[in-house]
Amino acid sequence: MAGVRASFGVTGDDAWLWGWDATPAIVSVHADDRGEAHIWRRPGGGSLVHETARFRPWALLATLDDLEASGVPFAHVDNAAEGPPVGSPDIAVQTLRGPGALRHIVSATRWRTLEAAVCRGASQRLGRRLTRLQQLPPGERHVLPPDEQYLVATGRTYFRDLTFAQLHRLQFDLETTGLDPTQHRIFLIAVRAPDGRVRCLEATGDDDAAEVALLRRFVKVVRALDPDVIENHNLHGFDLPFVRTRAKRLGVPLHLGRLDGVPLLERAAQRGARSERDTERRVRVVIPGRECIDTLDAVRRYDFAVRELPGHGLKAVARHFGLAGPDRERIPGDRIHAVWRTDPDRVRRYATADVVEVEGLARLLGGAAFALARMAPRRYERLADAGPATGVIDPMLVRAYVHAGHALPAHEEGDGTVHVGAALHLFTAGVATRVVKADVASLYPSLMRAFRIGPRRDALGALLFLVDRLVDQRLDAKARGRAAPPGSDERFTLEAVSAAMKLLVNSAYGYLAAGGGLTRFADVHAANEVTRRGRETLHVMCRELAARGTTLVEADTDGVFFAVPEHWTEADERRVVAEVDALLPPLVRLEFDGRYAAMLSHEPKNYALRAYDGTLTLRGVAFRSSRAEPFGEQFLREAIAHLLAGDVAAVRAAYLRTVDALHAGAVPTVHVAARVRLRKSPDAYARVRATRREFPYEAMLAAGRDDWEAWQRVRVYRTPTGGAVIDEIDGDVDAAHDPRDYDRAYYIALLRRTFVTRLARAFTPDDFARVFADPGQLPLFDSDLASVRPVATAIPEAWAALQ
DNA sequence: TTGTCGCGGGG
DNA sequence: GTGTACGCGACAA
C-alpha cells in the first residue's frame with residue numbers, strides 16, 4: 001500500500017512521522033466514495049491550484065471469508081492502492097504481514113463495489129442483513145473517511161513547505177436576534193478578509209427578503225474571497241449550524257465551498273451540534289475545499305494544559321491574551337439586536353472587534369494544530385478538534401502499519417486489570433520557608449523511552465519509535481526556533497512544530513492508558529508499568545532529597561516541593577537537585593524548577609507560594625475558584641501574603657479590616673456577589689419553585705425580574721430580606737451599580753466559614769483562635785500575637801511510607 | 001443522600 | 001465513520 005513511494009527528502013522511517021509524499025502546500029482535501037479526490041494547493045503561498053486525483057477506496061478487514069462467500073471476484077495484489085493488473089477483477093486484496101488481526105487491505109474503484117461485495121457475504125455469515133461495512137463487528141474492520149483513506153494511501157499531508165501566514169484565512173461572525181435559528185434571524189455578518197479588511201454585511205429590513213439577500217451576499221463574498229480556512233469562536237457550535245438552518249428555512253442555497261454544486265456536508269464529531277435529522281448524532285458542518293477552524297477548540301486545548309483562563313468566551317480570552325483594545329465595544333448578548341435598531345454603528349464596531357480578535361486568537365493558539373496537520377493523515381480541521389491520543393497518534397500508527405505492509409491489531413478491551421495512576425504525597429502541612437521545587441520534565445515519555453515500555457501488540461515498535469523521533473526532532477525544532485528572528489514566519493512555524501510534538505509526546509502515555517478499547521494499541525499493563533516506574537522515581541527523589549537534609553513538603557507525580565535549612569544558598573539547592581538527578585534512570589532528568597521564600601501547604605495540590613521577590617502564587621480549588629466571592633479571595637490573597645512574609649499581626653489586621661469593611665458596608669456590592677448562570681427559563685423555574693427553591697432565581701424574582709433568559713449570566717448576592725442581582729456584560733459589571741444592600745452578617749459568617757478556615761493549617765488551634773478572634777470579643781493586644789508563629793505539621797503516614 | 005449526565009460557548 | 005479532563009450543578013433514583 002505504498003502509493004507513491006518516496007523519491008524526495010522524506011524517506012525511510014520518518015515516513016511514520018511525516019508521511020512520504022513531498023507534494024507541497026496542500027491547503028484542503030476532499031475525497032468521496034467514488035474514488036475522486038480534490039486537492040487544493042497554494043504553492044509558496046501564491047495562487048490556488050485545484051487538482052483532482054483518482055484513488056482506490058479501501059478498508060482493512062480481518063477476514064476474506066465474506067468476500068469469498070459473496071462470489072464477487074477479486075485479485076490478490078502486492079499493492080492495493082495501485083489496484084489490480086489490467087484484465088483482473090476490480091476488487092483487489094493486499095494481505096499484510098505480522099500477527100495483527102486486520103490483515104487484508106481491500107480496495108476497489110468505488111467504495112460501493114467493495115462494500116456491496118463484503119456485505120453480501122457477511123450477511124450470509126452473520127444471518128442479518130448488512131448494508132454498511134461499519135455494521136461488521138468492530139474487531140473485523142477498520143474504515144476511514146474517504147479523505148483519510150486518500151491521505152493514508154498516498155502519504156500526503158497538509159501544509160508541506162507552507163507557513164501559517166501563507167494560508168488564506170477568513171473570519172466571519174453572525175449577529176442575530178437570538179440564539180435559536182428556528183426563531184431568530186441573522187441581521188449582520190462581519191467578514192474579515194484574508195488581507196485584513198473587515199466589512200459588515202447587513203440586512204436592510206427585518207423580514208425574510210432582507211435576510212435572504214444578506215445570506216446571498218454572504219455566499220457571494222465568501223466565494224469571491226475564496227479562503228482556505230474559515231475561522232470563528234464557536235464556529236461549529238453556533239455560526240455554521242445557525243447559518244445553515246436559516247438558509248434551509250429561507251431556501252437559500254449555501255454554496256460556500258469550492259466544489260460547484262456540492263452544498264454543505266456533515267461529519268460526525270463528538271463535540272458537534274446535534275444533527276437535525278437524528279438528535280442522537282452530533283455532527284459538524286463541512287465546507288468542501290475549506291477548513292473550518294473553531295478557536296473555541298484551540299482555547300479548550302490550551303486551557304486543558306494550562307488552566308489559567310477565566311472562561312472560554314471570546315471576549316474574556318481576548319482580554320486575557322491582550323488581543324482586545326482598551327476601547328473594545330461591549331454589548332450584552334441579549335441586547336445586541338435592540339442596540340442595532342438605535343445605534344447600528346455600535347454593533348458594527350462590536351462585530352468588527354469580534355472577527356479581528358478571532359484572527360489574533362487563531363494565530364496565537366492555532367499553531368499546534370497547523371503543525372499536526374503536517375504530520376498526521378487527517379484534515380487540518382479534524383486535527384484541530386481531535387484528542388491527541390485517539391485523534392492524532394492512532395491515525396499515525398495506522399498509517400505506519402499500512403505503509404510498512406504490516407497487519408494491524410484490532411481494538412481490544414482490557415483484561416480487567418485496573419489502571420493505577422500517579423503518586424501524590426503530602427509530607428508537611430502549614431507554612432514552610434526556603435522552599436525549592438524540582439521536577440522531571442516529561443516524566444512518562446522519558447520512562448517509556450528509558451525502559452522501552454510500549455504496547456505489547458505494537459509489533460513494529462512504532463509508538464516508541466515515534467516518541468523517540470518526536471523528542472529528538474522537537475529539541476531540534478526548539479533550537480532552530482530560538483535562532484530564528486522573533487516574529488518571523490519561520491519562528492512561528494518552528495515553535496508550532498515544537499508545540500505539536502510536545503502535545504504528542506505527552507499523549508503517548510495517555511494513548512497506552514486509554515481504557516475501554518479507545519485506542520488500538522492501548523495496553524493497561526504497559527501503562528501500569530509506566531506509572532509504577534513513575535512512583536518509584538518519585539519515591540527515590542523524595543528519599544534522596546530527605547537524606548540530604550531537606551524537609552519534604554509535597555510530591556505529586558513528577559515533582560517535589562521541599563524546604564532547605566536556613567543557611568543553604570541557591571548553589572546548595574541546585575547541588576542536591578543535581579545529586580539526586582544523578583541517581584535517576586538515564587533520560588529521566590530531575591530539574592531545578594524554582595525557589596520560594598515560603599509556602600503554605602493546605603492540602604494535596606492546594607498551596608500558596610511566595611517568591612523571593614514577593615510574588616504570590618495560589619494553586620488549587622481551595623485558593624482560587626471562579627465561583628468564590630471576590631471579597632473572600634481578596635482577603636485570602638492579602639492574609640496569605642502577610643502570613644508567608646511572617647507577619648502574623650498583619651494577618652489579623654487583614655481579617656479585622658475585612659470584617660469591619662463588611663460590617664460598615666464598605667465592601668463594593670459586586671465583591672460579595674457570586675457568578676451564576678441561569679439555566680432555567682422563568683417558566684421552567686416557576687414550575688419547580690414549589691418543590692425546590694434556588695437562590696439565584698429567588699434573587700431575580702426578589703429584584704422584580706421575571707423576564708430573564710435561560711443561559712443568562714448574572715451575579716447574585718444575599719440581602720437581609722432575600723437576594724439581589726447585578727447584571728453582567730461579557731464578564732464585567734457596571735461599577736456604578738453599587739447599592740451595598742447586602743446581608744452584612746451573612747458575609748461576615750461566610751468569611752469565617754469558607755475563607756479563614758483555609759489558613760487553619762498555618763497555626764496551632766490555640767493560635768488560630770487568637771488570630772481570628774472576633775473583633776468584639778476579648779480585647780486583644782499585639783503582644784498576644786507576638787508569640788504566634790506560623791507552624792508546619794508533619795504528616796506521619798507520608799513520612800513512614802518513605803522508608 | 002448518592003449516582004449519572006451534561007456543560008463549558010454563541011446572540 | 002468514535003473516545004480529553006475537571007469541577008460543578010441539575011436531576012433522577
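Sequence lines set the chain letters: A, B, ... in the order given, protein chains first and strands last, and positions in each chain run from 1.
Distance, A:Phe238 CZ to B:dG10 P: 10 Å, rounded to whole Å. In this structure, NZ of A:Lys605 is placed 13 Å from C1' of C:dG7, rounded to the nearest angstrom. Following rounding to the nearest Å, A:Tyr350 (OH) and B:dG10 (C1') show an atom-to-atom distance of 9 Å. At whole-Å resolution of the value, CD in A:Glu115 and C1' in C:dG1 are 11 Å apart. Atom CZ in A:Arg346 sits roughly 14 Å away from atom P in B:dG11 (whole-Å rounding). Nucleotide C:dT2 holds its C1' atom 13 Å from the CZ atom of A:Arg267, rounded to whole Å. Remark: P of C:dG1 and CG of A:Asp33 are 14 Å apart, rounded to the nearest angstrom. With rounding to whole Å, A:Asp239 atom CG is found 15 Å from B:dG9 atom P.
Out of B:dG10, C:dG1, C:dT2, the shortest distance to the side chain of A:Pro146 is found at C:dG1. Distances were taken from every side-chain heavy atom of A:Asn234 (C-beta onward) to each of C:dT2, C:dG1, B:dG10; the shortest belongs to B:dG10. You'll find that the side chain of A:Trp111 is closest to C:dG1, out of C:dG1, C:dT4, C:dT2. The side chain of A:Asp334 sits closest to B:dG11 out of C:dG1, C:dT4, B:dG11.
Between the C1' atoms of B:dC7 and C:dT4, the separation comes to 14 Å (whole Å). The same atom, P, is picked in C:dG7 and in B:dG11; the two are 29 Å apart, to the nearest Å. Spacing between C:dT2 and B:dG9 at atom C1', rounded to whole Å, works out to 23 Å.
Applying the side chain to side chain contact (heavy atoms under 4.5 Å, CB included) rule to A:Val339 yields the partners A:Ile331, A:Arg335, A:Asp343, A:Arg346, A:Val347; only residues at least two apart in sequence or on another chain are considered.
The residues A:Asp147 and A:Arg382 are annotated as not salt-bridged, no charged nitrogen and carboxylate oxygen being separated by less than 4.0 angstrom. Under 4.0 Å is where a charged nitrogen must lie from a carboxylate oxygen, and between A:Arg348 and A:Glu202 at least one such pair does. Using a 4.0 Å cut-off between a side-chain N of Lys or Arg and a carboxylate O of Asp or Glu, A:Asp385 and A:Arg301 do not qualify as a salt bridge. A salt bridge links A:Arg328 with A:Glu357: at least one charged nitrogen is closer than 4.0 Å to a carboxylate oxygen.
Counting non-hydrogen atoms under 4.0 angstrom, A:Gln134 reaches a base of the nucleic acid. Among the protein residues, A:Asp354 comes within range of the sugar-phosphate backbone only, with heavy atoms under 4.0 Å from sugar or phosphate atoms but none that close to a base. Residue contacts shown for A:His233 are limited to sugar-phosphate atoms, with no base heavy atom under 4.0 Å away. Across all strands, A:Leu314 comes closer than 4.0 Å only to sugar-phosphate atoms, never to a base (heavy-atom distances).
At B:dG11, one or more side-chain N or O atoms of A:Lys315 fall inside 4.0 Å of OP1 or OP2 (strictly under the cut-off).
Along DNA chain C, the nucleotide nearest to A:Leu144 and the one nearest to A:Arg301 differ in position, and the one closer to the 5' end is contacted by A:Leu144.
The 12-atom threshold is not exceeded at CG of A:Asp206, counting heavy atoms of other residues, nucleotides or ligands nearer than 6.0 Å.
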